Undergrad: 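Just dropping this structure here.
Letters A, B, ... are given to chains in the order of the sequence lines, protein chains preceding strands, and every chain is numbered from 1. None of these values were measured; they are calculated from a predicted model.
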4 protein chains.
Amino acid sequence: MFILKPNSGIPIYRQIVEQVRRMVASGQLAPGTPLPSVRELALQHTVHHMTISKAYSQLEAEGLLERNRGKPMTVAAVRREQTGLQTRVRQIEPQAEALVLAAKQLQLSAADLSRLIKKKWEEDSNE
Amino acid sequence: MFILKPNSGIPIYRQIVEQVRRMVASGQLAPGTPLPSVRELALQHTVHHMTISKAYSQLEAEGLLERNRGKPMTVAAVRREQTGLQTRVRQIEPQAEALVLAAKQLQLSAADLSRLIKKKWEEDSNE
Amino acid sequence: MFILKPNSGIPIYRQIVEQVRRMVASGQLAPGTPLPSVRELALQHTVHHMTISKAYSQLEAEGLLERNRGKPMTVAAVRREQTGLQTRVRQIEPQAEALVLAAKQLQLSAADLSRLIKKKWEEDSNE
Amino acid sequence: MFILKPNSGIPIYRQIVEQVRRMVASGQLAPGTPLPSVRELALQHTVHHMTISKAYSQLEAEGLLERNRGKPMTVAAVRREQTGLQTRVRQIEPQAEALVLAAKQLQLSAADLSRLIKKKWEEDSNE
DNA sequence: GTGGTCTAGACCACA
DNA sequence: GTGGTCTAGACCACA
């Protein structure tokens, strides 16, 4: 369900938070969908269950997930604009900016950068 | 000299390390160039001198900088390949991969992503 | 756990680095062994925790220790040759050379020097 | 005249101080002998003259050298016991102790250590 | 509980 | 002038 890279430097709980946000924004997780339980995920990814729990709590605080006594958490109802193209683009703006800045500092050309992006897009980077 | 974002989540000393790496790789800092002194930079960026010192030490350990007792640190001699296009591109590959992954998870198209990159490139994002 | 001499002229953090290196090389610290926590050691030796942290970070950069988020650091897997007699001897070669040079400059004889070494070996010099 | 290793980690001025001490203690520098001037040494070893100057001042403070207005510094008169075997041995005791400690921490045997010492003695390590 | 980062500020070593 | 080391102590991130 999630793609976790433990040694990427990005805290695991944050990786989960971001992926849920993206899946909700893109409609891959529709409102009402139940999420895997904390225990289940913790086992699957061999991660401490506090880590999952923290991610879920943060998502609940953001209003993206809903807690249901005794039952699995579910995806909350989302307002329309939360799935629009603009909203989704906005989620990766800071990352895109940082990448562009780094590329400029390395004195790469715009063409170099878009060639790199294209290459990465074509490689299936899902692991 | 450096662009520091204190609230970006990335430690300040690491931001400096990365920027120096890029400036050396792109030849903006040629071998032998003296770096601004630890105290000078600290004042300029209103940061503690140990923070700068930590960055410089790490760069020395990597072999990018050289310590000169009593004098400012200087850029070490770099091997030719270290400034080649390939090496420079390699420095941002992980960032590019992460961005592509995020875009895919948001179900953006390749065209959406390259439009975003182009836009950020044109905005002067140097601050 | 460590023998620290604060007034020896050798920075405390470096004394720790060297001792850990030796304990790993000699197998006294086997791969996987957890190290005492930064705070614990700091208390024990009445030293600031950053001092310990600096030593541990350097050892991590060298690949001798491994960071485990939220848990104590552990000794990394070492390659076989790293514990061989030759490797261990190599670690004190520079010190031995310097001592021999000093003895010669003092016009001591080889016998004088080895008598001194023997004496120091027999005294329990572990403090 | 002096054997200086700029990258040994030991400050240059200290290397000079120690070598003069040894040469005086072993009688290689007899009382009254004039020393090379600060400038001369600085040129020879391409070292800042403050460095030499600092070493000489420290040796003067210790009473080993004497300043003579307008003329080169000279070796001071030494008391008899200052050149005895015991005194000379005492000068390398701390170094010997540190070496023995390191060897023990590396779990070398007394035999391993004396073999190493012997080897280094035979190699002419005077460079 | 674990480690990491940062500041304020002292004091040292070197040129 | 240069950089290095250390403490006291705050606050954060992770499990």
Undergrad: Nearest of dA15(E), dG3(E), dC6(F) to any side-chain atom of Pro11(C)?
TA: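 Output: dC6(F).
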Undergrad: So do Arg88(A) and Ser26(A) actually touch side chain to side chain, heavy atoms under 4.5 Å?
TA: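 Yes, their side chains come closer than 4.5 Å.
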Undergrad: Between residues 48-62 of chain C and DNA chain F, which residues have a heavy-atom gap below 4.0 Å?
TA: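 Within residues 48-62 of chain C, the residues near DNA chain F are His48(C), His49(C), Thr51(C), Lys54(C).
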Undergrad: Nearest whole angstrom, please: distance from the P of dA15(F) to the CG of Leu4(A).
TA: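 Spelled out: CG on Leu4(A) to P on dA15(F) is 11 Å.
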Undergrad: Roughly how many Å is it from CG in Leu35(C) to P in dT2(E), rounded to a whole number?
TA: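 Distance, rounded to whole Å: 13 Å.
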Undergrad: Can you tell me how far C1' of dT5(F) sits from CD of Gln15(C), to the nearest Å?
TA: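 Distance check: Gln15(C) CD to dT5(F) C1' gives 12 Å.
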Undergrad: Quick one: on DNA chain F, does Ile10(C) or Lys71(B) contact a more 5' nucleotide (nearest heavy atom)?
TA: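 On the 5' side of the pair lies Lys71(B).
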Undergrad: How many Å lie between NE2 on His45(C) and P on dT5(F), as a whole number?
TA: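 For the pair His45(C) NE2 and dT5(F) P, the rounded distance is 19 Å.
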Undergrad: Identify every side-chain donor-acceptor pair in residues 54-62 of chain B under 3.5 Å, counting partners at least two apart or on other chains, and give the distances.
TA:
residue	atom	partner	partner atom	Å
Tyr56(B)	OH	Pro36(B)	O	2.8
Ser57(B)	OG	Ser53(B)	O	2.9
Glu60(B)	OE1	Arg67(B)	NE	3.3
Glu60(B)	OE1	Arg67(B)	NH2	2.0
Glu60(B)	OE2	Arg67(B)	NE	3.1
Glu60(B)	OE2	Arg67(B)	NH2	3.4
Glu62(B)	OE1	Arg21(B)	NE	3.1
Glu62(B)	OE2	Arg21(B)	NE	3.4
Glu62(B)	OE2	Arg21(B)	NH2	2.7

Undergrad: Taking only residues two or more places apart in sequence, or in another chain, which ones meet Glu40(A) in a side-chain hydrogen bond (donor to acceptor under 3.5 Å, both in side chains)?
TA: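 Result, side-chain hydrogen bond (donor to acceptor under 3.5 Å, both in side chains) vs Glu40(A): none returned.
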Undergrad: Just jot down the side-chain hydrogen bond (donor to acceptor under 3.5 Å, both in side chains) partners of Glu66(A), sequence neighbours excluded, or say none.
TA: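 Result, side-chain hydrogen bond (donor to acceptor under 3.5 Å, both in side chains) vs Glu66(A): none returned.
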Undergrad: What residues, two or more places apart in sequence or in another chain, satisfy side-chain hydrogen bond (donor to acceptor under 3.5 Å, both in side chains) together with Thr33(B)?
TA: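 So Thr33(B) forms no side-chain hydrogen bond (donor to acceptor under 3.5 Å, both in side chains) with any residue.
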Undergrad: Suppose we screen for side-chain hydrogen bond (donor to acceptor under 3.5 Å, both in side chains). Which residues come up paired with Ser37(D), at least two apart in sequence or across chains?
TA: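 Checked Ser37(D) against side-chain hydrogen bond (donor to acceptor under 3.5 Å, both in side chains); zero matches.
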Undergrad: Are any of Tyr13(B)'s side-chain N or O atoms less than 4.0 Å away from OP1 or OP2 of dT5(E)?
TA: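 Answer yes for this pair, as a side-chain N or O of Tyr13(B) is under 4.0 Å from OP1 or OP2.
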Undergrad: Report the residue from Val75(B), Val78(B), Leu65(B) that forms a side chain to side chain contact (heavy atoms under 4.5 Å, CB included) with Leu29(B).
TA: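 Exactly one candidate clears the test, Val75(B).
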Undergrad: Please report, rounded to the nearest Å, how far the P atom of dG3(F) is from the CZ atom of Arg39(B).
TA: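 Result: 8 Å.
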Undergrad: Asn7(C) CG to dT5(F) P: how many Å, rounded?
TA: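 Rounded to the whole Å, the gap is 16 Å.
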Undergrad: Counting runs of three or more consecutive pairs, Watson-Crick or G-U wobble, with each distance below 3.5 Å, where are the stems of DNA chain E?
TA: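 Runs of three or more consecutive pairs: E:1-14 with F:1-14.
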Undergrad: By nearest heavy atom, map Ile12(A) and Thr46(C) onto DNA chain F; which one lands nearer the 5' end?
TA: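 So the residue in question is Thr46(C).
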Undergrad: Would you kindly give the CG-to-C1' distance between Asn68(C) and dG1(E), to the nearest whole Å?
TA: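 For the pair Asn68(C) CG and dG1(E) C1', the rounded distance is 14 Å.
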Undergrad: Would you mind reading off the distance between Leu65(C) atom CG and dT2(E) atom C1', rounded to a whole angstrom?
TA: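 One finds 15 Å between C1' of dT2(E) and CG of Leu65(C), rounded.
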Undergrad: Which residue lies toward the 5' end of DNA chain E, Arg14(D) or Met73(C), if each is placed at its nearest nucleotide?
TA: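 So the residue in question is Met73(C).
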Undergrad: Consider the side chain of Arg69(C), meaning its heavy atoms from C-beta on, and name the nucleotide among dA15(F), dT2(F), dT2(E) that approaches it most closely.
TA: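 Of all the options, the side chain of Arg69(C) is nearest to dA15(F).
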Undergrad: Could you tell me if the side chain of Thr74(D) sits less than 4.5 Å from the side chain of Asn68(D), heavy atoms only?
TA: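 Yes, at least one pair of side-chain atoms sits under 4.5 Å.
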Undergrad: Using a 4.0 Å heavy-atom cut-off, does Val47(D) contact any base of the nucleic acid, only the sugar-phosphate backbone, or nothing at all?
TA: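 The residue Val47(D) makes no contact with any strand.
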Undergrad: Which residue pairs pass the side-chain hydrogen bond (donor to acceptor under 3.5 Å, both in side chains) test with at least one member in residues 42-52 of chain C, sequence neighbours excluded?
TA: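 Sorted pair list comes back empty.
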Undergrad: For Arg22(D), enumerate each residue passing the salt bridge (Lys or Arg N to Asp or Glu O under 4.0 Å) test, keeping only those at least two apart in sequence or located in another chain.
TA: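 Applying salt bridge (Lys or Arg N to Asp or Glu O under 4.0 Å) to Arg22(D) gives Glu18(D).
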